Number of protein chains: 2
Amino acid sequence: MGHQTIRNLHPLARKLRTLAPLDDYDEAAILDLPHTMRSLDASAYVVREGDEPTHCCLLVSGFAMRTKLVGDGGRQIVNFHISGDMVDLQNSMLGVADHNVQALTRIEAAFIPREAIVDIAFGRPAVGKALWIETLVEGAIQREWVANVGRRKSISRLAHLLCEFAYRLDAVGIGPECQYTLPMTQEQLADATGLTPVHVNRVLKTLDEMGLVQKLKGSVQIHDFAGLADIGDFRPTYLHLPPSVPEIHQRGNA
Amino acid sequence: MGHQTIRNLHPLARKLRTLAPLDDYDEAAILDLPHTMRSLDASAYVVREGDEPTHCCLLVSGFAMRTKLVGDGGRQIVNFHISGDMVDLQNSMLGVADHNVQALTRIEAAFIPREAIVDIAFGRPAVGKALWIETLVEGAIQREWVANVGRRKSISRLAHLLCEFAYRLDAVGIGPECQYTLPMTQEQLADATGLTPVHVNRVLKTLDEMGLVQKLKGSVQIHDFAGLADIGDFRPTYLHLPPSVPEIHQRGNA
DNA sequence: CGTGTTTTTGACTTCAGTCAATTAAAGTGG
DNA sequence: CCACTTTAATTGACTGAAGTCAAAAACACG
């Protein structure tokens with residue numbers, strides 16, 4: 001594997017560095033992780049419920065989502081993922097996948113053998129700690145989603161989701177301030193918020209009329225971040241981002 | 001600390017053993033973890049949102065819950081916890097608590113210094129792996145809760161919750177088959193399912209009329225587990241329990 | 001262009017929430 | 001042990017937020 005290979009895992013190194021202090025050897029070990037690159041088309045499955053994956057999938061570019069299907073045919077999106085996310089630690093470490101991971105857009109992904117992850121985690125405690133923290137942060141996000149879907153009304157749910165996405169994109173350097181890529185369809189937003197597509201459409205219209213946010217095709221323009229965060233009841237603590245990130249959103253009112 | 005002390009952490013050893021293979025030294029190291037015992041009354045806080053806990057709380061006996069408060073005063077319970085659960089890995093590892101942990105009943109808890117956890121996790125990879133897996137399983141439960149609250153109707157939500165609780169109690173040996181301790185009030189069930197107490201009351205009545213389950217004070221009697229799992233759309237994969245546990249529920253129809 | 005998504009809108013329905021009052025338990029202290 | 005307070009459960013009547021159904025308009029793309 002040559003110089004090309006080295007760069008593939010850069011998003012992972014970048015992210016883990018923000019989660020726990022890593023030295024140069026740690027970073028080198030991350031970049032050196034064995035892996036195979038694959039690109040997948042939008043809506044392709046990375047893992048399906050019931051699979052027994054042997055590799056961990058790192059999302060290098062593009063967007064992905066985790067989905068669960070319920071009995072009556074409904075679907076719930078339980079999280080979205082962006083560059084640098086280990087999209088499948090859980091499924092590969094737990095043996096059998098309890099949910100689906102799907103590409104949302106076309107993605108580039110690195111598949112890393114599970115053993116290599118375990119080895120680096122315990123061979124290099126700093127890396128292990130970072131991976132563990134990543135797992136914990138994802139848990140924190142899931143908890144916030146439970147609260148979002150369980151206890152907020154539709155307008156807050158959507159506003160909250162848009163705020164979260166803005167912060168997470170900022171943290172990885174995509175999504176320059178107040179206009180950012182939002183590749184989900186309204187149906188997907190509905191599945192993420194526990195609403196129906198029709199209602200998402202109406203709520204989005206309301207948010208627009210309120211002058212808070214404007215949804216364009218494939219992206220979103222936030223006009224008043226503070227206002228959006230307010231009706232979305234959004235406080236970013238649960239994302240456990242490094243202190244630098246939140247500042248970006250101070251200027252939300254363009 | 002004498003022989004008494006050794007037994008305190010037994011629930012933890014017991015649980016971690018089911019998550020990853022541990023040798024005798026691993027178990028001894030777990031039982032040897034420094035800790036202080038405390039008992040807390042029902043509804044006392046173990047951690048509050050915003051705290052910066054330095055200790056990890058292990059629930060030795062009793063029941064606890066994680067709660068998040070939303071802007072309009074609503075509360076969402078995002079998980080329940082039972083004996084053997086590390087109720088506060090997330091908050092202590094992530095620095096600042098993004099949610100509350102509260103005793104649901106009177107509890108006995110062991111508070112273990114955060115550094116001791118980190119040391120054992122990386123000094124004894126088998127233990128570390130078990131802890132990591134515990135974190136991942138909790139994430140899996142959170143995802144299922146997102147789907148439960150987001151996409152199931154009220155009767156399924158409650159039925160699902162009751163099934164999950166039955167399985168989790170079985171896994172730690174409390175809750176002998178079909179009658180088990182269910183210490184939550186209807187208000188707490190409502191906060192866990194994203195419903196109102198009034199509606200929970202009505203749904204519980206319906207479940208009773210359907211002959212599936214009967215709620216008594218402080219406990220619940222399941223008359224038809226298969227039927228309950230059916231309307232609850234409950235499949236236990238996401239709990240990632242050892243294969244032995246599920247069998248107990250084969251005899252659900254007493 | 002034409003075909004297939006995705007978005008948008010309107011009319012109507014329903015599940016669950018709200019309000020309010022009652023009953024039943026569970027403590028508490030004299 | 002019993003009045004007294006508090007907390008939890010129950011019930012009914014009414015409301016409302018979000019869902020459903022259905023059709024039209026707007027894109028996206030080969």
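Since the structure is predicted, the reported quantities are computational estimates derived from the model, not experimental observations. Atom set for the values below is all heavy atoms of this structure, side chains included, hydrogens, waters and symmetry mates excluded.
- In this structure, A:Arg38 is positioned above the aromatic face of A:Phe111, its NZ or CZ under 6.0 Å from the six-membered ring centre and within 45° of the axis.
- Remark: B:Asn201 is in phosphate contact with D:dT10, judged by side-chain N or O atoms under 4.0 Å from OP1 or OP2.
- Here the nucleotide nearest the side chain of B:Lys153, chosen from C:dT6, C:dA16, D:dA13, is C:dA16.
- We find that CG of B:Leu204 is positioned 10 Å from C1' of D:dA9, with the value rounded to whole Å.
- A heavy-atom distance below 4.5 Å is not found between the side chains of B:Leu228 and B:Phe234.
- For A:Ser154 and D:dA18, the shortest distance from a side-chain N or O to OP1 or OP2 is below 4.0 Å.
- Nearest to the side chain of B:Val198, among C:dC19, C:dA16, D:dC21, sits C:dC19.
- The separation between A:Asp72 atom CG and D:dG19 atom P is 13 Å, rounded to whole Å.
- Closest-nucleotide positions on DNA chain C for A:Arg151 and A:Pro197 were compared, and the one nearer the 5' end corresponds to A:Pro197.
- OP1 and OP2 of D:dA18 both lie 4.0 Å or more from every side-chain N or O belonging to A:Thr196.
- Between the CG atom of B:Asp208 and the P atom of D:dT11 there is a distance of 11 Å, given to the nearest Å.
- Using a 4.0 Å heavy-atom criterion, one finds that B:Leu195 contacts the sugar-phosphate atoms exclusively.
- The shortest distance between the side-chain N/O atoms of B:Lys205 and the OP1/OP2 oxygens of D:dT11 is below 4.0 Å.
- Residue B:Arg202 contributes atom CZ, which lies 10 Å from atom P of D:dT11 at whole-angstrom precision.
- Looking at which nucleotide of DNA chain D each of A:Lys217 and A:Arg152 is closest to, the 5′-most match is held by A:Arg152.
- The distance from atom CG of A:Leu189 to atom C1' of C:dT7 is 12 Å, rounded to the nearest whole Å.
- A salt bridge is absent between A:Asp98 and B:Arg235; no separation between the charged side-chain nitrogens and carboxylate oxygens falls under 4.0 Å.
- At the heavy-atom level, B:Gly74 lies nowhere under 4.0 Å from the strands shown.
- Side-chain N or O atoms of A:Arg152 include none that pairs as donor or acceptor with a backbone N or O of A:Arg157 at under 3.5 Å.
- Considering only the side chain of A:Gln186, C:dT7 comes nearest among D:dA18, C:dT7, D:dG12.
- Atom pair A:Ile155:CD1 and D:dA18:C1' shows a separation of 13 Å (rounding to whole Å applied).
- Here the P atom of nucleotide C:dG10 and the NE2 atom of A:His199 are 15 Å apart, to the nearest Å.
- One N or O on the side chain of B:Asp85 and one on the backbone of B:Ile82 form a donor-acceptor pair closer than 3.5 Å.
- Between A:Leu216 atom CG and D:dA26 atom P the separation is 17 Å, expressed in whole Å.
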